[in-house]
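Each chain gets a letter, A, B and so on, in the order the sequences are listed, and its residues count up from 1.
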Amino acid sequence: NNTLQDVVIRFKRMDGYEACWFPGTDHAGIATQTVVEMELLKEGKTRKELGREAFLARVWQWKERYGNEILEQLKALGCSCDWSRTRFTLDPGLSRAVRTAFVRLYQEGLIYRGEYMINWCPRCETALSDLEVEHEEVQGNLYFVRYPLEEGGYVTVATTRPETMLGDTALAVNPNDERYRHLIGKVAILPVLGRRLPIVAAEEVDPEFGTGVLKVTPAHDPVDFQIGQRLGLPAVNVLNGEGTVNENGGPFAGLDRFKAREAMVERLKTEGLLEKIVPYKHAVGHCQRCQTMVEPRLSTQWFVRTKPLAEPAIQAVKDGKIRFIPERWTKVYFDWLENIRDWCISRQLWWGHRIPAWFGPDGEIIVAMDEEEAKRIARERYGKDVELRQDEDVLDTWFSSALWPFSVMGWPDSTEDLRTFYPTDLLITGFDILFFWVARMVMMGLHFLGEVPFREVLITPLIVDERGQKMSKTRGNVIDPMELIESHGADALRFTMVHISGKGRSARFSRSLLDESRDFLNKIWNMARFILTNTADLPADADLSGRKLPWEDRWILSRLQTVIGEVREYLERYAFHLAAESLYHFIWDELCDWYLELSKVRLYGEDLEARRTAQLVLRKTLLDVLHLLHPFLPFITEEIAGYLGVDVSRGVYPKPEEDLRDPEAEEVLSAFRELVREVRAMRAELGLDPGCELALGISEGGRASLLTGELGGALSRLARVHTPRETDQRKAVRAARGVARDTSFFLYLPEDVDWNALRSRLERNMAKVESELASLEARLNNTEFRAKAPEEVVAQAAAQARELQARRARLLRFLEE
RNA sequence: GGGCGAGUAGCUCAGGGGGAGAGCAUCCGGCUUACAUCCGGAAGGCCAGAGGUUCGAAUCCUCUCUCGCCCACCA
C-alpha cells in the first residue's frame with residue numbers, strides 16, 4: 001500500500017505536480033487498549049484497579065514507545081511523505097474536529113442515544129459496530145425444546161442458544177401457518193422460570209425453519225427485538241457485561257454463558273422437555289479484535305443515523321465524482337451503502353475520544369464542545385449551576401478516521417491546506433477497510449465539506465503468505481518489513497510489492513520474490529558501474545547533437561522512447577506491475593544483454609569520436625532509466641545519480657522524444673540479434689568450443705552487406721565470428737548452413753562436427769516454420785478473413801507468409817545438401 | 001442465501017480479440033576485463049471443462065467444476 005502510494009507521489013512530483021502526502025496514524029482504540037491490558041495482566045493488574053486516569057497514562061506511554069514504529073517503517077521504506085504534516089487521531093486538533101463533528105451531527109439529529117440491539121463482546125466488554133463482527137461458520141446444535149401450554153399439551157421450539165430462554169417473553173408463529181394458527185393468543189409456560197409467554201403472530205417467523213415456532217427473546221436477538229418492539233413485549237436482559245448470567249437467570253445466575261447453556265440442557269433433559277438435539281452448522285459473530293463470540297444484547301448506546309449520510313455518498317459515485325479502481329469495487333460500495341444500518345459509535349473503553357455529552361442531575365443530555373460549554377448550557381437550562389457527569393464512553397476509532405481527509409488539514413477552521421488540497425486526488429487502500437473507512441470518509445466529507453474527500457480510490461490486493469493465507473498475528477505468519485529491508489534492502493522490498501500488486505484480491509508474498517528483486521537491483525548497480533567507469537573520461541561539454549548515430553544507438557534510443565511511453569501510460573492507469581515489468585525487461589534483456597555488449601566495440605576501440613558517441617548514448621540512456629526507475633527504487637537511483645551530480649528525486653519524469661523513434665533501426669537490430677542468436681544456438685548445439693572463433697559467410701538476404709559491414713564489428717564480437725573473403729573459406733572442413741529471418745548464412749567449421757545435430761536443428765526449424773506457415777496460409781486463403789479483417793492485419797500476415805516461404809525454401813535446400 | 005476473485009510451463013504468476021510469455025526449478029555449455037545475485041543455449045503448455053459470438057477466442061458472452069474471499073437478523 002505504502003509502496004504504491006510512494007510510487008504515485010514521486011511520479012507525480014517529478015511530473016510537475018504539487019504532490020503532497022499526509023502521513024499519520026490512528027489510535028486503534030480496541031486493539032491498543034487490549035494490548036496494554038494484556039501487559040498489565042502480566043503484572044497482575046487490571047485496568048479497573050488502575051482507574052481511568054492512570055490507565056490512560058499507561059496507554060500513552062505505550063503509544064510513545066510503539067506508536068511511531070509504523071512511521072519509522074514508512075521512512076525506512078523510503079516513503080516521501082510531508083513529515084511536517086504528520087497527524088495522530090488523538091492530537092488536540094483532530095480531537096477538536098471529532099468533537100465538532102459529534103456536536104453538529106447531534107444538533108442535526110444525525111446522532112442519537114438510545115436502547116437498541118447491539119453486538120457485545122464479553123471479553124472486550126464493549127459494544128461493537130456491525131462491521132467489527134466477523135461471521136464464522138461454527139458447528140453447533142439445534143435444540144428442540146418443549147414449552148408446556150397453559151391449557152395443557154406443549155409446543156416445540158428450536159433454538160441454538162438455550163441459555164437465552166431465560167430472557168424469553170413470548171413465543172411467535174407465522175400468522176399464515178395453519179399448524180399453529182389456533183395457538184395465537186394462547187399462553188405457554190417458560191420452562192425452569194415458569195414465566196407466562198403469550199403466543200403471538202409475527203411475519204418474521206419462517207414456517208420452514210425448525211418447528212415453525214420462534215421463542216422471542218427481545219433482549220438478545222435482533223429479530224426478536226424487532227418483534228418485541230412492535231408488540232410491546234418486555235425485554236429481559238439475562239447477561240452481565242462479561243458474559244455471565246445475571247440475576248434474571250434464576251438458578252443459573254452467575255454461570256458463564258456457555259456453562260449456563262449446558263446447565264439449561266441438563267435441566268431440560270431431566271424435566272423431559274428436551275425433544276432432541278440436532279447438529280447444526282451456522283454462522284456466529286465473533287469479535288474482530290479478539291475472536292470472542294459476540295452476544296447480541298440490548299444496550300443504551302450512541303448511534304449515527306446513516307441513511308441520510310449514505311444517500312449523497314451513493315450519488316457522488318453515481319455522478320462520477322469518485323472513481324474506484326478496479327471498477328468492480330463500485331458495486332460492493334453501493335451494496336453496502338444501500339443496505340446500511342445505523343452505526344453504533346459508543347465504546348465502553350477508555351482509550352479514545354471521550355463522548356462530549358454530559359448528564360444533568362435529572363439525567364438529561366447536554367452535548368457540547370467541552371465541559372465549560374456544557375456548564376453554560378446547563379446553567380441556562382436549570383437556572384443554576386448543577387453537577388454534570390460526562391458520559392464515560394469513548395467513540396469508535398473509525399469515527400475519527402472518517403474525518404481524516406479534512407481533520408488533518410485543520411478543519412473546522414478554514415485553512416490554507418483545506419483550500420489547496422481538499423478534495424484530494426487519490427486514496428490508496430485495501431478493500432478490507434472499504435466500509436470501515438472509505439465509505440465513511442465519503443459520507444463525512446460530503447456532509448461537512450459538501451465535497452468528496454478524494455476523486456479516485458485505488459483498491460490494492462491484500463498480501464497473503466506463500467500458502468495463500470491472510471497474514472495475521474494469531475496465525476503467526478506476519479513478517480516485519482524492517483527485517484526484509486535489512487536482509488534485502490528497501491528497494492528490493494518495494495520492487496517486490498510493485499511486482500505482486502497487479503493481482504486480483506490477494507497478492508502472494510514470498511521471500512524468493514525478494515531474491516529476484518535483489519538480483520535486478522544488482523543488475524542495475526553493475527550496469528551503472530559499467531557505464532560510469534566507461535564514461536569517466538567523457539568531457540563535460542560533449543554533446544550528442546550533430547553526431548551520426550550507428551544502428552545500435554538508433555535502436556536503443558528508439559526502444560527507450562517506447563519504454564518511456566509505456567511506463568508513463570502504465571503509471572497513469574496505476575498498472576504499476578506492468579510499468580515495472582517493462583523497465584525490468586528493457587534494462588536486463590535489451591540494454592544490458594545487447595546494447596552494453598554492442599557498445600564495447602566502440603568503447604574498447606581506437607576511434608575516439610565513435611567512443612564518445614557511445615559514451616554519450618550510454619550516459620543519456622542511464623539518466624533516463626534512473627529517472628524512470630526512481631519512483632520504484634528511490635534509494636539505488638539516488639545513489640547512482642549522485643555519482644553524476646544529479647538529484648534524481650527532483651528530476652523531471654522522462655517524456656518520449658518522438659524524433660528518436662526509429663522503426664528502421666529496430667528492424668535492423670532485430671535481424672542482427674536473430675542472426676547472432678542463430679549462430680550461438682548452432683554453435684551450442686553442434687558442441688563447438690564456445691571460445692573458438694568461426695568464419696561466417698552470408699549468402700543471401702537483404703541486409704547481408706549491412707550485417708557484415710556497418711554491424712560487422714558487433715557481429716564479430718557478439719557471435720564470435722569473423723567474415724573473411726571468399727578465398728579464405730576453403731580452409732574450412734565444411735560449412736554448416738543456417739537461416740535467420742531473411743538471411744541465410746554459412747558457418748565454416750574448423751573440424752568435423754556432429755552433422756546429425758545440425759540436421760536435427762534444421763529439421764526442428766523447418767517444422768516450426770511449416771506449422772506457422774500452414775496456419776498463416778489457412779488464414780490468408782480464407783476469403784472472409786481477407787474481406788473482414790483489418791487491412792494491416794492481412795498485410796502483416798501476407799508479409800509474414802512471404803518471409804516464412806523464403807525461409808522454408810532455404811531450409812529445404814540446406815537439408816537436401 | 002447473495003456477490004466477488006482466481007484456475008495459463010514442474011512451481012509462483014504476468015498477459016487479456018489476430019505470432020502462447022516471465023522468474024524460479026530442470027538439462028547442456030561457459031569464471032568472456034559491469035555483474036557467477038552472472039552469460040550463452042535447450043527442453044517444457046488442447047491457457048480448468050462445455051457451449052456460443054466472431055473471418056479469428058487463452059482473451060468477449062453463457063453454463064459447469066475446483067479453490068479462496070466478502071456480505072447476510074433463518075432462530
**Student:** Could you check which nucleotide pairs with U32(B) in any of the strands shown, counting Watson-Crick or G-U wobble with both distances under 3.5 Å?
**Tutor:** none
**Student:** For F509(A) and L484(A), work out which heavy atoms get closest and say how close.
**Tutor:** CZ-CD1, 3.6 Å
**Student:** I would like to know whether N765(A) and E678(A) meet side-chain hydrogen bond (donor to acceptor under 3.5 Å, both in side chains); could you show each step before the answer?
**Tutor:** CA-CA 11 Å; N765(A) 277 352; E678(A) 200 59 31; 3.3 Å; yes
**Student:** Taking the basic N atoms (NZ, or NE/NH1/NH2) and the acidic carboxylate oxygens, is any pair closer than 4.0 Å for E295(A) and R257(A)?
**Tutor:** yes
**Student:** Give each protein N/O atom lying under 3.5 Å from an N/O atom of nucleotides 71-75 of chain B, with the pair distance.
**Tutor:**
residue	atom	partner	partner atom	Å
C73(B)	OP1	R341(A)	NH1	3.2
C73(B)	OP1	R341(A)	NH2	2.5
C74(B)	O2	D206(A)	OD2	2.4
C74(B)	N3	D206(A)	OD2	3.2
A75(B)	OP2	Y280(A)	OH	2.6
A75(B)	N6	D206(A)	O	2.9
A75(B)	N6	F209(A)	O	3.2
A75(B)	N1	D206(A)	N	3.1

**Student:** Across the strands shown, which category fits L596(A) at heavy-atom distances under 4.0 angstrom: base, sugar-phosphate, nothing?
**Tutor:** base
**Student:** Under 4.0 angstrom, heavy atoms only, what part of the nucleic acid is R511(A) near: base, sugar-phosphate, or nothing?
**Tutor:** nothing
**Student:** With sequence neighbours left out, what residues match A579(A) under side chain to side chain contact (heavy atoms under 4.5 Å, CB included)?
**Tutor:** V567(A), Y570(A), L571(A), F632(A)
**Student:** Can you tell me how the ring of W588(A) sits relative to the ring of F520(A), calling it parallel under 30°, perpendicular over 60° and tilted otherwise?
**Tutor:** parallel
**Student:** Sort out the partner of C55(B) for me: Watson-Crick or G-U wobble, both distances under 3.5 Å, none otherwise.
**Tutor:** G18(B)
**Student:** Could you please name the option among A34(B), G18(B), A43(B) that lies closest to any side-chain atom of P790(A)?
**Tutor:** G18(B)
**Student:** Quote, to the nearest angstrom, the P distance that separates C4(B) from U12(B).
**Tutor:** 26 Å
**Student:** Which atoms of nucleotides 9-13 of chain B (N or O only) lie under 3.5 Å from a protein N or O atom, and what are those distances?
**Tutor:**
residue	atom	partner	partner atom	Å
C13(B)	OP1	R508(A)	NE	2.9

**Student:** Applying a 4.0 Å non-hydrogen cut-off, can you work out what E597(A) is touching in the nucleic acid: base, sugar-phosphate, or nothing?
**Tutor:** base
**Student:** Does a donor on one side chain sit under 3.5 Å from an acceptor on the other, for N174(A) and Y180(A)?
**Tutor:** no
**Student:** Below the 4.0 Å mark, does G3(B) have OP1 or OP2 next to a side-chain nitrogen or oxygen of R328(A)?
**Tutor:** no
**Student:** State the pairing partner of A43(B); accept Watson-Crick or G-U wobble contacts with both distances under 3.5 Å, and report none otherwise.
**Tutor:** none
**Student:** Using a cut-off of less than 4.0 Å, is there contact between a side-chain N or O of K600(A) and OP1 or OP2 of A34(B)?
**Tutor:** yes
**Student:** Flag yes if more than 12 heavy atoms outside Y643(A) fall under 6.0 Å of its OH atom; otherwise flag no.
**Tutor:** no
**Student:** Ignoring hydrogens and angles, answer whether the base of G23(B) and the side-chain atoms of E516(A) contain a donor-acceptor pair closer than 3.5 Å.
**Tutor:** no
**Student:** Checking base pairs now: Watson-Crick or wobble, both atom distances under 3.5 Å. What partners G1(B)?
**Tutor:** C71(B)
**Student:** Do L128(A) and C344(A) have side-chain heavy atoms sitting under 4.5 Å apart?
**Tutor:** no
**Student:** OP1 or OP2 of C70(B) versus the side-chain N and O atoms of Y333(A): is any pair under 4.0 Å?
**Tutor:** no
**Student:** Mind telling me whether F495(A) and Y584(A) have parallel, tilted or perpendicular rings, with 30° and 60° as the class edges?
**Tutor:** parallel
**Student:** What interatomic distance, in whole Å, is found between C1' of C70(B) and the corresponding atom of A43(B)?
**Tutor:** 43 Å
**Student:** Taking atom P in both G1(B) and U64(B), what distance in whole Å separates the two?
**Tutor:** 13 Å
**Student:** Do I587(A) and M527(A) make a side-chain contact, defined as non-hydrogen atoms from C-beta onward lying under 4.5 Å apart?
**Tutor:** yes
**Student:** Kindly give the atom pairs (protein nitrogen or oxygen, nucleotide nitrogen or oxygen) under 3.5 Å for nucleotides 36-40 of chain B.
**Tutor:**
residue	atom	partner	partner atom	Å
U37(B)	O4'	D519(A)	OD1	3.3
U37(B)	O2'	N522(A)	OD1	2.8
U37(B)	O2	R518(A)	NE	3.3
U37(B)	O2	D519(A)	OD1	3.4
C38(B)	OP1	D519(A)	OD2	3.4
C38(B)	O3'	K523(A)	NZ	3.2
C39(B)	OP1	K523(A)	NZ	3.0
C39(B)	OP1	W588(A)	NE1	2.6
C39(B)	OP1	D593(A)	OD1	3.4

**Student:** By nearest atom, which of the nucleotides A34(B), G18(B), A14(B) is closest to the A789(A) side chain?
**Tutor:** G18(B)
**Student:** Parallel, tilted or perpendicular for W329(A) and F431(A), by the 30°/60° rule?
**Tutor:** parallel
**Student:** With sequence neighbours excluded, what pairs up with A235(A) under the side chain to side chain contact (heavy atoms under 4.5 Å, CB included) test?
**Tutor:** P218(A), A219(A), L298(A)
**Student:** Which whole number of Å gives the distance between the P atom of C71(B) and that of U26(B)?
**Tutor:** 42 Å
**Student:** Measure from the side-chain heavy atoms of K470(A) and tell me the nearest of C69(B), A14(B), C55(B).
**Tutor:** C69(B)
**Student:** Who are the side chain to side chain contact (heavy atoms under 4.5 Å, CB included) partners of A767(A), not counting sequence neighbours?
**Tutor:** none
**Student:** Taking the C1' atom of each, how far is G52(B) from G41(B), in whole Å?
**Tutor:** 44 Å
**Student:** Provide the distance between the two P atoms, one in A34(B) and one in A25(B), to the nearest whole Å.
**Tutor:** 25 Å
